[in-house]
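Notes to accompany the following structure.
Worth saying up front: this structure is predicted, and the values here are computed from it rather than measured.
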Amino acid sequence: QVQLVESGGGLVQAGGSLRLSCAASGRIFRTAAVAWFRQGPGKEREFVSAISRGGGRTDYADSVKGRFTISRDNAKSTLYLQMNSLKPEDTAVYYCAAKQASLGVLPTTIRSYNYWGQGTQVTVSS
């Protein structure tokens with residue numbers, strides 16, 4: 001069992017930065033691939049970024065490449081998302097997700113993940 005709690009969302013102007021955190025409880029974090037997804041107003045939930053259980057592999061949606069950086073601290077059971085050069089279209093509720101996975105495995109689809117947080121709101125004003 002894993003519980004995920006996101007934090008760090010808020011209101012920021014376009015061009016600004018935010019750092020999201022996702023604190024995980026439970027023992028599987030170190031053996032889990034973890035990811036960020038987001039759901040904008042009136043849109044479907046979409047993949048943002050993922051990181052493998054050892055941190056050696058990462059993946060990003062094209063829309064955030066070069067602006068967002070995913071990282072994890074297994075000692076603290078925490079996932080991060082550094083978001084720079086934010087745009088109004090980044091406005092969404094951001095969710096972290098986790099799934100037990102083998103080394104090097106990096107799921108990027110919603111259906112692959114079985115643990116989800118409640119989400120944190122990110123609003124980017126123009």
Side-chain angles (χ1 to χ4, degrees):
Q1 187 75 12
V2 176
Q3 290 185 324
L4 305 172
V5 179
E6 302 95 335
S7 62
L11 174 64
V12 64
Q13 289 188 331
S17 298
L18 282 175
R19 189 193 195 201
L20 304 184
S21 298
C22 173
S25 63
R27 295 187 175 186
I28 78 163
F29 184 82
R30 296 187 182 199
T31 61
V34 283
W36 290 97
F37 291 80
R38 68 185 181 185
Q39 188 165 12
K43 298 180 181 180
E44 294 185 351
R45 194 171 298 191
E46 63 178 4
F47 169 75
V48 175
S49 183
I51 187 167
S52 59
R53 62 183 262 185
R57 289 188 63 198
T58 59
D59 198 5
Y60 297 90
D62 288 344
S63 59
V64 306
K65 280 181 182 176
R67 300 188 298 123
F68 292 9
T69 303
I70 192 170
S71 61
R72 64 188 296 165
D73 184 336
N74 284 348
K76 296 182 178 179
S77 295
T78 303
L79 174 69
Y80 302 100
L81 186 67
Q82 178 66 44
M83 305 187 296
N84 299 328
S85 302
L86 283 161
K87 304 175 181 180
E89 50 264 45
D90 294 318
T91 294
V93 177
Y94 284 71
Y95 299 89
C96 66
K99 169 188 171 55
Q100 274 196 297
S102 301
L103 284 170
V105 172
L106 193 57
T108 60
T109 60
I110 293 172
R111 67 174 64 184
S112 297
Y113 288 87
N114 49 351
Y115 298 105
W116 292 85
Q118 293 300 307
T120 185
Q121 176 70 47
V122 172
T123 302
V124 184
S125 63
S126 58

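Listed by chain and residue number, nothing satisfies the salt bridge (Lys or Arg N to Asp or Glu O under 4.0 Å) test with K43 (two or more places apart in sequence, or in another chain). Shown here are the ring-ring contact (aromatic ring centres under 6.0 Å, His included) partners of F37, two or more places apart in sequence or in another chain: F47, Y113, W116. Taking the salt bridge (Lys or Arg N to Asp or Glu O under 4.0 Å) definition, one finds that R72 meets it with nothing, sequence neighbours left out. Listed by chain and residue number, R38 satisfy the salt bridge (Lys or Arg N to Asp or Glu O under 4.0 Å) test with E46 (two or more places apart in sequence, or in another chain). In this view, V105 and A101, S102, P107 satisfy the side-chain contact (heavy atoms from CB on, under 4.5 Å) rule, not counting sequence neighbours.
Residue pairs satisfying the ring pair (Phe, Tyr, Trp, His ring centres under 6.0 Å) criterion with at least one member in residues 72-111, sequence neighbours excluded, are absent. Each disulfide bond (SG atoms under 2.5 Å apart) pair with one or both residues in residues 54-90, not counting sequence neighbours, would appear here, but there are none. Within the structure, disulfide bond (SG atoms under 2.5 Å apart) pairs that include any residue of residues 23-53 do not occur (at least two apart or interchain). For residues 6-103, the pairs satisfying disulfide bond (SG atoms under 2.5 Å apart) are C22-C96, with sequence neighbours left out. Pairs of residues two or more places apart, or lying in two chains, that qualify as side-chain hydrogen bond (donor to acceptor under 3.5 Å, both in side chains) and include a residue from residues 12-29 are S17-N84. For residues 117-126, every residue pair satisfying the side-chain hydrogen bond (donor to acceptor under 3.5 Å, both in side chains) rule, not counting sequence neighbours, is listed here: Q121-T123. Within the structure, no pair that satisfies the ring pair (Phe, Tyr, Trp, His ring centres under 6.0 Å) test touches residues 49-77, not counting sequence neighbours.
Side-chain N or O atoms of T58 include none that pairs as donor or acceptor with a backbone N or O of I51 at under 3.5 Å. Distance alone, capped at 3.5 Å, places no donor-acceptor pair between the R57 side chain and the S52 backbone. A donor-acceptor distance shorter than 3.5 angstrom exists from the side chain of N74 to the backbone of R53, with no hydrogens or angles considered.
At a threshold of 4.5 Å between non-hydrogen side-chain atoms, the residues V12 and M83 do not count as touching.
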Inset, instruction - Using the side-chain contact (heavy atoms from CB on, under 4.5 Å) rule, take E6 and L20 through it: C-alpha gap first, then chi angles, then the decisive distance, then the call. - result: CA-CA 7 Å; E6 302 95 335; L20 304 184; over 6 Å; no
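Atom OG1 of T69 and atom CG of L81 lie 8.0 Å apart (nearest 0.5 Å).
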